[in-house]
Amino acid sequence: MQRYSGFGLFKHSLSHHENWQRMWRNPTPKPVYDVVIVGGGGHGLATAYYLAKEFGVKNVAVVEKGWLGGGNTARNTTIVRSNYLWDESAQLYEHAMKLWEGLSQDINYNVMYSPRGVYNLCHTLQDMRDSERRVSANRLNGIDGELLNAEQVAAEIPYLDCSKNTRYPIMGATVQRRGGVARHDAVAWGYARAADAAGVDLIQQTEVIGFRKQDGAVIGVETTRGFIGAKRVGVVTAGNSGHMAKLAGFRLPIESHPLQALVSEPIKPIIDSVIMSNAVHGYISQSDKGDLVIGAGIDGYNGYGQRGSYPTIEHTLQAIVEMFPILSRVRMNRQWGGIVDTSPDACPVISKTPVKNLFFNCGWGTGGFKATPGSGHVFAASLATGEMHPLAKPFALERFHTGALIDEHGAAAVAH
Amino acid sequence: MSQVNRLSRGGRIDRSQPLTFTFNGETYQGYAGDTLAAALLANGVDVIGRSFKYSRPRGIVAAGAEEPNAVLQIGSREETQIPNVRATQQALYSGLVAASTNGWPSVNNDLMGILGKVGGKMMPPGFYYKTFMYPSSLWMTYEKYIRKAAGLGRAPLENDPDIYDHINQHCDVLVIGAGPAGLAAALAAGRSGARVILADEQEEFGGSLLDTRETLDGKPAAEWVAKVVAELKTLPEVTLLPRATVNGYHDHNFLTIHERRTDHLGETAPLGAFSAPQARHRVHRVRAGRVVLAAGAHERPLVYANNDVPGNMLAGAVSTYVRRYGVAPGKKLVLATNNDYAYRTALDWLDAGLQVVAVADARSNPRGSWVEEVRSRGVRVLTGSSVIDVRGGKRVEAARVAAIDPVAMKVTSPGEWLDCDLVASSGGYSPVVHLASHLGGRPEWREDILAFVPGEGNGLQKRIDAGAVNGVFKLGDVIANGFEAGVKAAAETGFKATAGDLPRTEKRVEEAAIALFQVPHEKPTARAPKQFVDLQNDVTAAGIELATREGFESVEHVKRYTALGFGTDQGKLGNINGLAIAARSMGISIPQMGTTMFRPNYTPVTFGAVAGRHCGHLFEPKRYTAMQAWHVANGAEFEDVGQWKRPWYFPKKGEDLHAAVARECLAVRNSVGILDASTLGKIDIQGPDAREFLNRVYTNAWTKLDVGKARYGLMCKEDGMVFDDGVTACLADNHFLMTTTTGGAARVLQWLELYHQTEWPELKVYFTSVTDHWATMTLSGPNSRKLLAEVTDIDLDKDGFPFMTWKEGNVAGVPARVFRISFTGELSYEVNVQADYALGVWEKLIEAGKKYDLTPYGTETMHVLRAEKGFIIVGQDTDASVTPDDLNMGWCVGRTKPFSWIGWRGMNREDCLREDRKQLVGLKPIDPLKVLPEGAQLVFDPKQSIPMTMVGHVTSSYMSATMGHSFAMAVVKGGLKRMGERVFAPLADGSVIEAEIVSSVFYDPKGERQNV
Amino acid sequence: MTAVNVYKQRPDKIEGQSPLHHAGLAELVGKGKSGAGVHLREKKLLGHLTLRGDAKDPAFAGGVHKALGVELPVALTLVANGSLSLQWLAPDEWLLIVPRGEEFATEKRLREALGNELHYAVVNVSGGQTLLELSGPKVREMLMKSTSYDVHPSNFPVGKAVGTHFAKTQLVIRHTAEETWELVVRRSFADYIWLWLQDASAEFGLAIEA
Amino acid sequence: MLHIFCPHCGELRSEEEFHAAGQAHIARPLDPNACTDEEWGDYLFFRDNPRGLHHELWLHAAGCRKYFNATRHTISYEILETYKIGEKPSVTEAGGSEKKPVAKGVTA
């Protein structure tokens, strides 16, 4: 792999940047792989990378129907945090957070992980109780978190309307200072480049149209470019998990909904952290290019159209203007939608399936981006050994039968 | 400075109305009818800003929505600042204050520009992914400096003085664009009687007809425009919306139009009729039967070396400035083109009495009518040639024209430098397909016109395309196409229309363009001077080639890696050239490459306009009870519960929350208090199967509840988790009154309806919300009976009117239903009266209660009192993972009810039967003065190192004024079998609160006080 | 009548407070702008009854007709008989509005006409809602600013009544005469609707009527 | 914003008047107590979630407050029919119906 650095950049500038190598190959699929990963988004690419790098499984293919990182990886609002309520999810997201902290160096690609602080605003007494509960749990789990009162919030977040005149006055907030944002495309590209360098075949523009099974076990995938054999198959197709499950012959406790986001025109930096509010239902951060990056809740109906309904955009900007009245004259540049796989307990499914050797990693709802490294890592470990990684175990499909759900709804009713 | 570039004649400006404005602190003059861009050009302002990445000087390029450079800050006051206004779309008004958005210390002497020159070579696409990584701790420092360069304009730092609103429109035909096609379509459809909306983003209707040199019926085209507009104004069902951009085409033919109502008048909206504030912008939310898309086409610039130096403009824009605004943005023009239409610019320039140095046409032998006309006027036309490079710093000084082979991408002659101060280029026309693609419809490539046109797509838009957007460019054809579209749209929505009379157009020969998306240079692209594709984001042809070389092969990858099309112009100018360059460098065709997805908005929309009036005091409804005025007059502090405003506590002078609540609590325990409980959900249930229905939706049994009695019930979802609770009274055999939690009222009713309508329609029962009809006031405390007795004719005898029953009678002269139920553990009466009469009853109770020191109390006191009794609050002591057994409320579970009621099966799943589930218990802090924080996590072993094993959390916690010590409710793993054991709450400040696990009923465990 | 608890809920001699009592509309009468495009009047403290039953059952439809003198209105319509109006709300639900204080007698009359065998419901909701009458040449435009329902006369002729989305809540809009409309507003939302109407009408001029 | 035909009100209304209520035709088991945990879990949580035609439940919340069913394409969002509770869809993925979605829709 051609190593990236400031010096390298200077050297290449002398040759007019004509000698940069491809970031990844365009390989012809081999007949059979040890592991085939379906879905070349952030999670799938991370899985492939860790399989090759940490678990010694190098005969790996990632099969992607479109372009790498073209699903929710390309469409999310890039928030990274690990301040989840329940032990199971907190540990999983914290595992991801630790990986974020060294990711740029690990994959030699600047993913611009920027721990600028994530604030969750409290507007009601119950918000305050829930926040104390979550922050307290985070602290005892070794995850940073603070509960601020209204005065502290006003001091830390300039231009936020902390007056009593708002519809739902701000009573406080939690902050996770290690939380922040990362550059979404860079995560996919960085993992892709590193996985490719480690020998993984990244097969783009190839759609999986079926799973070939023998004696109840998967032996490969049927694709638009023919059959590709595999000893194990990992499906990481956020937004299309239900469809993949149908191809494999079972159902999931998942419904796919549109999740919309929007950006403003680029403006000079004015929001230097990530601010989220459940009660007024919106969240905001500002990219390094100057765009305000804004999102809110999901649309109520199932949808794979990568677009949602306009009233959701209206409600979102009403919330933003309610929180930051000074932004009223700023303008919205673009809006778009992703497809989120929502699960009944707002927690992912990382699991074996009714089909032997077929593993699913899905159901991340609105929060998948932040988990990318951790999700990839535990899924890789599981695919390498055939046994679920301890951090993944609580997220098995069985919980929807036994009732052992991990209900994160209370902690995150707003999409993020 | 005078208007050096203003022509003495011509244009649609009003020279009798001079307007003064400032740009970067300098004062200038323009005329009414100018755009800000036109006025700046009139004044010879060349450098309008600096580019984003390389800080290169930039000037005005275009005359419309595609302008990438002239993106300015507007506003003279802090609160009226508007960032990123396109000068080409801002009408000039007197006193306009504009400034460049970057460049330091000024756009003309920019220090960042030096950095851009030196460092530019090290800033290829994606350079930031390749560096700033080491050491890892430094990224936040790097980022700080990167952010300093971020953004174009700035947000105001004070609140917006303006308002914005919405209007909902429904029409048969929405016509987008009021150029020749749109006007014709609107006229045809409008004459049929259909409801028509015609929206156009410009200040006035007419589009290209406002500045074309072509004639209609032998007269200037603008006269035809005036005639059509005049007729449209007479049609009652036609709505005309100038300054209104259709920005989003959403599902089921729903579109949004962003109308700028006052931006042409000033930076803030003046008061309107009735001295009322006018909305600065209005968003029209339109449901259209049919859409006629007549959005026109954008001209593409040619991509040659140094094509960003101020003085490089679109050919069509030059014509617009000359003919519409009477502005000549230069003296000596070199025109570069690959098509016939651009020759109009040479003719317009000549007509203005200015010099055309040369026309460079990439085609080898153009013979169209306009070409010949230019030749006949003595202009040097260089065929098979193009401008390949430009010289100049802050203004074009010369252009190098050379012979080229566009197929082989070669320069085939040494060429010559031509002195000039303006290079106008035209690389063909791109139909404005954006709206047609908002639902995912893919544009289709048409090789004959070298452009993408809207695809038939996926048929999701009921849309008819007309005019240039449809690939029709000849003026006569455009108008005919517009008439056809209007007739068709009207017919498809049930109206009979006929086409209008086609105006006579000039006859001429027009020839096809040839493909030229990047002009070759002697050097390979990577080594040639920068050839800009996307000016706002400093995306060059070399950058696009580099992206494909590095493996970014999908058009979306190229876009994301290079930032092509990410600017505020969203690639209107550069996208097609960019993707053509990418396609060529990968050896694939343009249609194989495809376009990126188009998403709303077509042009940026003000946040405030999208929000409309739904902000500030109208952000969301505030719901009030009938006693609200009294609460306010008596100093209540309010708590938000759902949309309700509920009195939280009633502080007396000098009291804080704790003091007020302690006083209120003691008043209830010792005498009597009054609570406004009107917000509780109330559902009237009638029908012979009402009782059966209750059996199915509540966890407990209802078969034997007698008329006159009331019972507490729990509701679970099918998963067995508690979802709501409340008291339901039997009013008559077939008649019940259900109460729900305040926040749960709507969802409980909806849930009852869901089961009734979808699962058990055979059950004869009707549900009606009576939450708002009844106002409820709770008298609670040992003196409540005495007090109530003074104002009621109901016999309050404790045996005649026992606990958990209800009676009818008059209270304070008003018919009432009184329920003897208690949420405080004290003797209590809930008085329900028709809400219209509640305030009077409340006031009479307050008056009569004086001698008992009747104390109004709020939700906080209610919470303390109920917690002392161990009564739960759903949503506070429960989340969606708590069963009735977890709450130690097994007594409320009808285990033998014949029908498998909602929740029963769910709560008998494997995980719900675990013995070590978290269970609701009471906690008594060992230090009676320490109040556990609500939400605090609990551990058994406070010495354990992190991560600690958490065993539950505090759900409710208070200081009890009655008992003189703190207490709490909590869920604790296996807590019900751990009575007397200790738990610990390690707090954020490092301290630990120790507490004993006790019964959750702290006060009057036998219930003697409520049952007297 | 034993199966259902029916009693007189409104006192005879006591003046009540309508949901917009606190707005002091009476004091605003005559103080509006001249030439106002929107006129607002609260038709307060009327008798409101929700009627439920099976429209397809002739016994029910006949009973209602007998008691009220009007036929059950079909979907999205409103019928009136003097000061009484009956509006379709849903296939099995109607809103009956009668003059103040007549709701108890009307309910009794209905129950007598419908008898004890039929399954139906009558619920007094008088305290829970109020009627706002809007009239004037600009009402339609003001409504367009408030609801996504199409209020053009071709879609919303006189005599039509719809439950719909309005500002950020829901209510019923009734078109009662060419330039006259009524809103059925829930009590707890009345203040919000009042604030909204003032705001939306400001550009047209708002006058309060008694 | 979707435009939805309410089969009770008999006209098209804006999506703002409605609430989506998930997959339609999921009948509550007649004897829940006879269900295994797995069967009950399937009833509670597992859904078809198709990429294509979806029969789903909607509530006309601001209008007649009635639930009804819709057959909607989850990629194109086209609504092919709405029908009352208790009725069967006339357009199904499997069944050959006259009514076909105009488009399969697209995703990027």
Requested in this report: Examine whether an atom of A/Ile313 lies under 4.5 Å from a heavy atom of chain D, and if so say whether it belongs to the side chain, the backbone or both; otherwise answer neither.
Outcome: neither
Report task. Please flag which part of A/Ile254 lies under 4.5 Å from any non-hydrogen atom of chain D: side chain, backbone, both or neither. Result -> both
Query raised in the report: In this structure, are over 12 heavy atoms from other groups packed under 6.0 Å from A/Lys352 atom NZ?
Result: yes
Query - Pair D/Asn49-A/Ser256, side chain to side chain donor-acceptor pair (under 3.5 Å): steps then yes or no - result: CA-CA 7 Å; D/Asn49 195 26; A/Ser256 301; 3.0 Å; yes
Query - Heavy-atom pair of closest approach, residues A/Gly300 and D/Ala20 - result: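 In this case the closest contact between A/Gly300 and D/Ala20 is O-CB, 3.4 Å.
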**Report entry** Members of residues 6-16 of chain D whose heavy atoms come closer than 4.5 Å to chain A
**Finding:**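 The residues closer than 4.5 Å to chain A, in numerical order, are D/Glu15, D/Glu16.
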Report task. May I ask you to list the residues in residues 22-37 of chain D that approach chain A closer than 4.5 angstrom, counting heavy atoms only, ordered by number? Result ->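 D/Gln23, D/Asp37, listed by number.
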Query raised in the report: Are A/Pro311 and D/Met1 close enough that some pair of their side-chain heavy atoms sits under 4.5 Å apart?
Result: yes
Requested in this report: Please work out whether the ring planes of A/Phe400 and D/Phe45 are parallel, tilted or perpendicular, with thresholds of 30° and 60°.
Outcome: perpendicular
Requested in this report: Drop me the distance from D/Asp48's CG to A/Leu252's CG, to the nearest 0.5 angstrom.
Outcome: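 CG of A/Leu252 is found 11.0 Å from CG of D/Asp48.
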Report task. Could you please spell out the steps behind the ring-ring contact (aromatic ring centres under 6.0 Å, His included) verdict for A/Tyr301 and D/Tyr77? Result -> CA-CA 10 Å; A/Tyr301 48 81; D/Tyr77 299 173; 5.4 Å; yes
Report task. Determine whether the aromatic ring centres of A/Tyr304 and D/His54 lie less than 6.0 Å apart. Result -> no
Report task. Spell out, as yes or no, whether a donor-acceptor pair under 3.5 Å connects the side chain of A/Arg251 to the backbone of D/Phe46. Result ->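 Yes: the side chain of A/Arg251 pairs with the backbone of D/Phe46.
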